[in-house]
A.B. asks: 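Pasting in a structure now, in structure tokens, and then I'll have a few things to ask.
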Amino acid sequence: MSEKPDLNAISHDLFAVRNEKLAQLRAAGEDPFRANWNQTHVSTECPALLPEGVEEGPEVSVAGRIVALRVMGKASFVKILDRGGIIQTYFTRDALGEAYDTHFKKMLDTGDFVGVRGKLFRTKTGEVTVRTAEYRLVSKALRPLPEKWAGLTDAEKIYRQRYLDLVVNEESRRRLLVRSRVVEAIRRFLWSRDFTEVETPALHAIAGGAAARPFETHSNALDCDFYLRIALELHLKRCLVGGLDRVFEIGRVFRNEGVSVKHSPEFTMLEAYQAYTDYRGMMELVRSMIQKVCADVLGTTVVTRPDGVTIELGGEWREAKYKDLIVERTGDPQWFARTKEEKIAACKALGLHEPRTDWEDFEVTNEVFGKLIEPGLIQPTFVTHIPKELCPLAKVTVGDDTTIDVFELCINGQEIAPAYSEQNDPGVQRKMLEIQAGAETQKIDEDFLLALEHGMPPAGGLGIGIDRLVILLTGAANIRDVILFPTLAPEAQA
RNA sequence: GGCCGGAUAGCUCAAUGGUAGAGCAGUUGACUUUUAAUCAAUUGGUUCCGGGUUCGAGUCCCGGUCCGGCCA
């Protein structure tokens, strides 16, 4: 560098200042974008390498993004963020010579990626720190990080530029790492029960397995329309037909419906099917799974929400019949004998928004459940004996042909997991699907019914909303907070 | 889809219809154990977009975009 750089003139333009620094580095023969570093240690390993009472630890080689720069005259502290967390490094003129003034102090910015090699020591306040013997700039950040204290709080920026949120908001990083560990623990649990993981199509000719509005798309090669799947169910049952008698899939499903704190257009479902058991068997399976996952990931079975409410996931879980809960909440023992009009009137008296008159009778009742009962089910509760119209894929209860052998597991005021004794009578299944489809007979999945006609073993089936489970285990306020890159409308082009 | 709230410097936020400011970041200087380091000086604006009212609009009105909350 022969000319003195004029950063003063452009000091207001942070992008230009950093570009100028990059240009000067390149002019001096250094290109940070062609450099690399041998990362031998992660930040979180370092404290254990320097036991209490030991003055100097082994040499380590760490790398990461500069998240704090405390530059002083001839000695400075630099905090580096890697996949484990933050490690402090110590830069001195004594160790680095002239480069300390001309390179370290002038060319590095927060956000830059650096590699640092040196021995561990403890500062006078006790923080384990790398005494830098050698360092290298291995990527330049041309844009600044958000402000160090207030951080990034703008919800739109947090979602659109999640990478910035991950760099500066430790809680966001933790939440999304918990999510990863939850999925890992679920797989381990199901493998221990001898389940096989499979992958089934996301493009469906008929969107079945649930009642939801699908996204539509088109295949040019096959010249036909497809739907993005709204459930995993029907293909996993085909696996049962094929003899895979314990199968599961963890996959993205898509529902073209409302977006809210609890609903995302794309979300992740676990579905598991086990032959030669029923919904009672699924109760044991889901309770054991959630308890194991929670203990593995959090080290406890007690979850504390941000508002201080604690949820006990250990032990046995409450069971309650759907009809009993309705009768209890409405205070009307004869509720299920009432006409639809009487139920609608009662809903209004209970303070509910007026149910739509085109609703079916069971939908009016389910409005009471969804609005007045489910939000209050904070501790784990298996809601059983649900009206058969709500799930046409389950077996009807022996001795009560108005209900089905299913449960909906509710925790934290949300439905976390439904499970069924799966319907395997092809004749009954056809009738139920015909009732559900009504006039839209083209929505009946004939290929699925053909599979059932070949014989499906008796089985219990289970679905878990992974996002909601992670909300429960992380105390997140919003489903978008447990999804790395949530669905947003495109930003207007500048 | 409806209602309510929000959008101002890189970030976090101020600003009775009357000269758009602060902190942090940046730039310059001092400083060899900091912890939001400190001290001094200093640069920085299409107030989301498009119209309108007004002598004068970040502020009021109309339309739109995006984000959030509640409801459907």
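We name chains A, B, ... by the order of the sequence lines, and we start the count at 1 in each one. Just so we're clear, the structure is a prediction, and the values are computed from it rather than from any experiment.
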A.B. asks: Could you please name the option among B:rG69, B:rC67, B:rU34 that lies closest to any side-chain atom of A:N478?
C.D. replies: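 When the side chain of A:N478 is considered, B:rG69 is the closest of B:rG69, B:rC67, B:rU34.
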A.B. asks: Step through the shown structure and confirm whether more than 12 heavy atoms of other residues, nucleotides or ligands are within 6.0 Å of OH on A:Y227.
C.D. replies: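 Incorrect, the count does not exceed 12.
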A.B. asks: Please step through ring-ring contact (aromatic ring centres under 6.0 Å, His included) for the pair A:Y322 and A:F369, ending with a clear verdict.
C.D. replies: CA-CA 8 Å; A:Y322 184 91; A:F369 181 79; 5.0 Å; yes
A.B. asks: Quick one: the side chain of A:T123 and the base of B:rU34, do they pair up donor-acceptor inside 3.5 Å?
C.D. replies: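 In this structure, the two groups form a donor-acceptor pair.
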A.B. asks: I need the CG-P distance between A:D109 and B:rG10, as an integer number of Å.
C.D. replies: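 From A:D109 CG to B:rG10 P: 16 Å.
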A.B. asks: Does a side-chain N or O from A:K148 land closer than 4.0 Å to OP1 or OP2 of B:rG26, or not?
C.D. replies: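 It does not, given that no N or O in the side chain of A:K148 lies less than 4.0 Å from OP1 or OP2 of B:rG26.
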A.B. asks: Quick one: the dot-bracket string of RNA chain B, using Watson-Crick and G-U wobble pairs with both distances under 3.5 Å, [ ] for crossing pairs and | for bases paired to another strand.
C.D. replies: (((((((..((((....[..)))).(((((.......))))).....(((((..]....)))))))))))).
A.B. asks: Whole angstrom is fine here: how far is it from CD in A:Q24 over to C1' in B:rU27?
C.D. replies: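 It works out to 13 Å between those atoms.
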A.B. asks: Please examine the side chains of A:H385 and A:F407, heavy atoms only from C-beta on, and report whether any two atoms are closer than 4.5 Å.
C.D. replies: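 Of all side-chain heavy-atom pairs linking A:H385 with A:F407, none is under 4.5 Å.
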A.B. asks: Kindly point out which of B:rC67, B:rA72, B:rU35 is positioned nearest to the side chain of A:T125?
C.D. replies: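 Per side-chain heavy atoms of A:T125, the pick is B:rU35.
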A.B. asks: Counting any heavy atom closer than 4.0 Å, what does A:R480 reach on the DNA or RNA strands: base, sugar-phosphate only, or nothing?
C.D. replies: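 Sugar-phosphate, no base atom in range.
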A.B. asks: If you compare every side-chain N and O of A:R160 against the phosphate oxygens of B:rC67 (OP1, OP2), does one of them come in below 4.0 Å?
C.D. replies: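 Yes, A:R160 has a side-chain N/O under 4.0 Å of OP1/OP2 on B:rC67.
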A.B. asks: Could you check whether A:V261 gets within reach of a base, just the sugar-phosphate, or nothing at all, counting any heavy atom under 4.0 Å?
C.D. replies: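 Answer is sugar-phosphate: A:V261 comes under 4.0 Å of backbone atoms only.
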A.B. asks: Of the candidate nucleotides B:rG26, B:rU32, B:rA36, which contains the atom at the shortest distance from the side chain of A:R70?
C.D. replies: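 Minimum distance to the A:R70 side chain belongs to B:rA36.
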A.B. asks: A:F15 has an atom CZ; how far is it from atom P of B:rA9, in whole Å?
C.D. replies: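 It is 18 Å, rounded to the nearest whole Å.
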A.B. asks: Taking 4.0 Å as the cut-off, does a side-chain nitrogen or oxygen of A:T153 come that near to OP1 or OP2 on B:rC13?
C.D. replies: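 Looking at the OP1 and OP2 atoms of B:rC13, one of them is under 4.0 Å from a side-chain N or O of A:T153.
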A.B. asks: Nearest to the A:F77 side chain among B:rU33, B:rU32, B:rC11, which nucleotide is it?
C.D. replies: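 Nearest to the side-chain atoms of A:F77, counting from C-beta on, is B:rU33.
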A.B. asks: Assess whether one donor atom and one acceptor atom, taken from the side chain of A:D13 and the base of B:rU43, lie less than 3.5 Å apart.
C.D. replies: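 No, the side chain and the base share no sub-3.5 Å donor-acceptor pair.
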A.B. asks: What's the shortest heavy-atom distance between A:R480 and A:R162, and which atoms?
C.D. replies: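 Smallest heavy-atom distance, with atoms named: O-NH2, 2.8 Å.
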A.B. asks: Measure from the side-chain heavy atoms of A:K371 and tell me the nearest of B:rC11, B:rA72, B:rU32.
C.D. replies: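 The answer is B:rA72.
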A.B. asks: When the aromatic ring centroids of A:F91 and A:Y135 are compared, is their separation below 6.0 Å?
C.D. replies: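 Here the rings of A:Y135 and A:F91 have centres that are less than 6.0 Å from each other.
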A.B. asks: Taking any heavy-atom pair under 4.0 Å as a contact, classify A:Y100: base, sugar-phosphate, or nothing.
C.D. replies: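 Here A:Y100 touches no strand at all.
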A.B. asks: Choose from B:rU32, B:rC67, B:rU43 the nucleotide whose nearest atom is closest to any side-chain atom of A:T92.
C.D. replies: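 So the side chain of A:T92 is nearest to B:rU32.
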A.B. asks: Is A:K340 atom NZ crowded by more than 12 heavy atoms from other residues, nucleotides or ligands, each under 6.0 Å away?
C.D. replies: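 For A:K340, atom NZ is crowded (more than 12 foreign heavy atoms under 6.0 Å).
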A.B. asks: Which part of the nucleic acid, if any, lies within reach of A:Y159 when heavy atoms closer than 4.0 Å are counted: base, sugar-phosphate only, or nothing?
C.D. replies: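 Sugar-phosphate contact only - A:Y159 comes under 4.0 Å of backbone atoms but never of a base.
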A.B. asks: So for A:K79 and B:rU35, does any side-chain atom that can act as donor or acceptor lie under 3.5 Å from a complementary atom in the base?
C.D. replies: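 Donor-acceptor pair under 3.5 Å: yes.
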A.B. asks: From C-beta outward on A:D94, which listed nucleotide comes closest to its side chain: B:rA72, B:rU28, B:rU32?
C.D. replies: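 That would be B:rU32.
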A.B. asks: Which class fits the ring pair A:F254 and A:F215: parallel under 30°, tilted 30 to 60°, perpendicular over 60°?
C.D. replies: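 If you compare the ring of A:F254 with that of A:F215, the planes turn out perpendicular.
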A.B. asks: Answer with base, sugar-phosphate or nothing: what part of the nucleic acid does A:I10 contact at a heavy-atom distance below 4.0 Å?
C.D. replies: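 Nothing, no heavy atom under 4.0 Å.
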A.B. asks: Would you indicate what A:K124 reaches in the nucleic acid, counting non-hydrogen atoms under 4.0 angstrom: base, sugar-phosphate, or nothing?
C.D. replies: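 Since a base atom lies under 4.0 Å of A:K124, the category is base.
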A.B. asks: Mind calculating the distance between CD (A:E147) and P (B:rG23) to the nearest angstrom?
C.D. replies: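 So the CD-P distance, A:E147 to B:rG23, works out to 12 Å.
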A.B. asks: When you compare B:rG50 with B:rU65, how far apart are their C1' atoms, in angstrom units rounded to a whole number?
C.D. replies: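 Those two atoms are separated by 11 Å.
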A.B. asks: In whole angstroms, how far is the C1' atom of B:rU46 from the NE2 atom of A:H12?
C.D. replies: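 A:H12 atom NE2 is separated from B:rU46 atom C1' by 15 Å.
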A.B. asks: A:K157 side chain: which of B:rG26, B:rG68, B:rC11 is closest?
C.D. replies: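 Closest nucleotide to the A:K157 side chain: B:rC11.
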A.B. asks: Provide the distance between the two P atoms, one in B:rG51 and one in B:rC71, to the nearest whole Å.
C.D. replies: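 Looking at atom P only, B:rG51 and B:rC71 are 38 Å apart.
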A.B. asks: Counting heavy atoms not belonging to A:E55, are there more than 12 under 6.0 Å from its CD?
C.D. replies: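 No.
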A.B. asks: Report which part of the nucleic acid A:R143 touches: base, sugar-phosphate, or nothing (heavy-atom distance under 4.0 Å, all strands).
C.D. replies: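 Touches nothing.
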A.B. asks: Can you tell me if NZ on A:K105 sees more than 12 non-hydrogen neighbours from other groups inside 6.0 Å?
C.D. replies: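 It does: A:K105 NZ has more than 12 such atoms within range.
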A.B. asks: Can you tell which of B:rG10, B:rG26, B:rA37 lies closest to the side chain of A:M72?
C.D. replies: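 Nucleotide nearest to A:M72's side chain: B:rA37.
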A.B. asks: Given the structure, check if the side chain of A:E127 and the base of B:rU34 hold any donor-acceptor pair shorter than 3.5 Å.
C.D. replies: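 Answer is no: no donor-acceptor pair is held.
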A.B. asks: Has A:K105 got a side-chain N or O lying under 4.0 Å from the OP1 or OP2 atom of B:rA30?
C.D. replies: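 No.
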